[in-house]
Structures are given as C-alpha cells and as structure tokens.
2 protein chains.
Amino acid sequence: MKNWFYLNPRSGIPMYLQLKEQIKTAVAGGALRPRDQLPPVRELAVALTVNPNTVARAYSELEREGILSAEQGRGTFVNGGEPLLREEERQVQIKSLIDKVLVEAFNLRITGDQLNAIWEERLKAWENRLQR
Amino acid sequence: MKNWFYLNPRSGIPMYLQLKEQIKTAVAGGALRPRDQLPPVRELAVALTVNPNTVARAYSELEREGILSAEQGRGTFVNGGEPLLREEERQVQIKSLIDKVLVEAFNLRITGDQLNAIWEERLKAWENRLQR
DNA sequence: AAAATTGTATTAAAACATTGATACAAATTG
DNA sequence: CAATTTGTATCAATGTTTTAATACAATTTT
C-alpha cells in the first residue's frame, strides 16, 4: 500500500483534496476493493510528508461520503456496505453532474455526436478496468 | 433581461460563481444567443443587490473562457465567434469532466446501464432545448 | 465637446479555507 | 493491565478568496 498516492504541494489544489480524489479514483476503478484497509493516518502522513491532520481530513470526508469506514483503534477501510443515499437521490446527484458536463460541452461547441462518442469511449474504459 | 438571474448570498457558493454558472447555462441552453447583449455591470449589480465588481468578475472570467465578449463603453455580449481552444484540447477537457462523473457514479454504486440511461435522457433534454 | 454610459483597474477589508501542533480516546496487542 | 496502535478533537497560524469602495478609461449619445 506504499507509493500508491502522490501529492504535489504546489499544484494549487489542496493536498487533502488531491488525496481524496486519488482514493475515490482507486475505489471506483477497483484498485481498492471493499474491506481493504488503508494505511494508518500517521503512516500515510509520513509517506506523503504531510501533517497527519491532512490525511485524517481526507479519510473523514470520505467516510461522510460513504466511501470509507473508520474505527478508532482498528483502522480505516473501504466501505462495502449499502450506499448512504437512496437510489433516487443518487440519480439526482449524477444528473446534476451530467448537466454540468453538458453545459461545459455545449459552451465548448462540442456537438452531441462528438459528446456521445467520448462518453462511450470513457465508459467502456472504466468498465474494462472494473472487470479485472 | 431582468429577473433572469438569482443570487443566494447564503448558499455557500460565491455569488460571482453562481452568476457565471447561470450565464453559462443560459448560453448552453440557447436562452442567450450569440450577439445578445447582457445587462450593464452596474444595472445587473443593482438588480442583484451586489457590488458591481461581483458582476464584473463574472463577466470577465466568462470572457477569458471565450463565452462572452466585452468592450469598454459598448457593453458585454454573448460571443458567437470561434472557440478559444483547439478541437483536441476541448475534447481533453470534456474527457476529464466525464471521468469525474464516472468516478462519482461508480462510488455511488450506479451501474453502467443506469448511467447510460441517465446520460441519454439528459443529452436529449438539452438537444431539445437547443432546437427551440 | 460635454455628458452619459459602459467596462476596467487598484486597493483594502472581511470572510473563509488549509495546514499544522498538540492533546484526547477507543481498540488491539503482548 | 500496560503499552501500542489507531482514529478524533481543539485550537491557532497562515494563506487564499471573495467582496466592496473607489477611481480610471473608452465609447456613445446629446
């Protein structure tokens, strides 16, 4: 579990957000699976040369989002249980994200057809990654 | 052009961003068309009970993004000309947005099929809006 | 050409966010 | 049951962002 994450202190993106993003991506892509344990806050903090609070913040926000599950004394794990939100709420959330993509795309003068092509390509890329 | 935009000072989202978002959405959906004039900075600032700088910031950032076009003394208009970025760069940008949607979706345990259904629905909704 | 209309620039105050130092608390291990 | 391992809480310092006050500059109107 070492060398999995990499933080750039000068990227302009807060380090706790960089870490959150990398964990989310690892979980979504299947590199981290349900019940996998993440490195202890202090260990990862040392590895990333960052304050333990920074790692703790990433972990606890991901716990609030239902992606991780932390227990004092035991550790932090990838959450395999039920999603926090009801089906409908989850779909509402994704719809609003998709609408944002569509707004950006049309403002970039990308056509519906081009968009569809990109969508299919990316979705397939992720689905392949998941099967492994 | 009155009553088109609405700002909530206590939403937690900066007001200039709320305004940007609303303008982008209006342009993407065809409610604002190329060459349409936006309200003058001061006029909109009064209507939204906000400092003129706040409106000016939204306008100028949208100009940087190639969505609006402002001329001192004349006004601010929806930009109909060529996109700022090359085809390839625009596609890269959208790909990365789509990847973010996919990461969120998989973390919300939304399946590829459900996702595709939502995608099609939203894309059609926007395409209909544009035809009008 | 003066007045009005419009966007732009500068600067400062206030609000907010990020990171770090340090201490606390629960569970596990020996 | 003491020591260790792990997450959590509090608080302060620093940095960044947002908003506002005010003045400037270009174009259009009268």
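Side chains included, hydrogens not; waters and symmetry mates left out as well; all remaining heavy atoms used. Throughout, a chain's letter reflects where its sequence line sits, starting with A, and its residues are numbered from 1. Just so it is clear, the model here is predicted, and its values are computed rather than measured.
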| request: Without swapping roles, check the side chain of A:Asp36 against the backbone of A:Arg33 for a donor-acceptor pair under 3.5 Å. | output: yes
| message | From CD of A:Gln37 over to C1' of D:dG7, roughly how many Å is that when rounded to an integer? | response | 12 Å
| task | Taking B:Gln114 for its side chain and B:Thr111 for its backbone only, find out whether a donor-acceptor pair lies under 3.5 Å. | result | yes
| Whether A:Glu21 side chain and A:Gln18 backbone form a donor-acceptor pair below 3.5 Å | no
| What is the nucleic acid contact for A:Thr76, judged by heavy atoms within less than 4.0 Å: base, sugar-phosphate only, or nothing? | sugar-phosphate
| Ignoring hydrogens and geometry, is there a side-chain-to-backbone donor-acceptor pair from B:Arg90 to B:Leu85 under 3.5 Å? | yes
| remark: Given protein heavy atoms under 4.0 Å, the one-letter contact record of nucleotides 17-25 of chain D, with B base, S sugar-phosphate only and - none, is simply -SBBBB--B
| said: So which atom in B:Pro52 and which in B:Val41 form the shortest heavy-atom distance, rounded to 0.1 Å? | reply: O-CG1, 3.4 Å
| request: Using only side-chain N and O atoms of A:Arg74, determine if any of them is under 4.0 Å from OP1 or OP2 of D:dG7. | output: no
| said: Determine whether a donor-acceptor pair (N or O, by modelled atom type, separation under 3.5 Å) exists between the side chain of A:Asn107 and the backbone of A:Glu104. | reply: no
| query | Separation of A:Glu63 atom CD from D:dG7 atom C1', in whole Å? | reply | 9 Å
| task | Return each pair, listed once, that meets ring pair (Phe, Tyr, Trp, His ring centres under 6.0 Å) where at least one residue sits in residues 6-61 of chain B; pairs must be two or more places apart or across chains. | result | none
| Flag if over 12 foreign heavy atoms under 6.0 Å of CZ, A:Arg109 | yes
| remark: chain A vs DNA chain C, heavy-atom contacts under 4.0 Å, first-to-last nucleotide span, 5' to 3', is C:dT18 to C:dT28
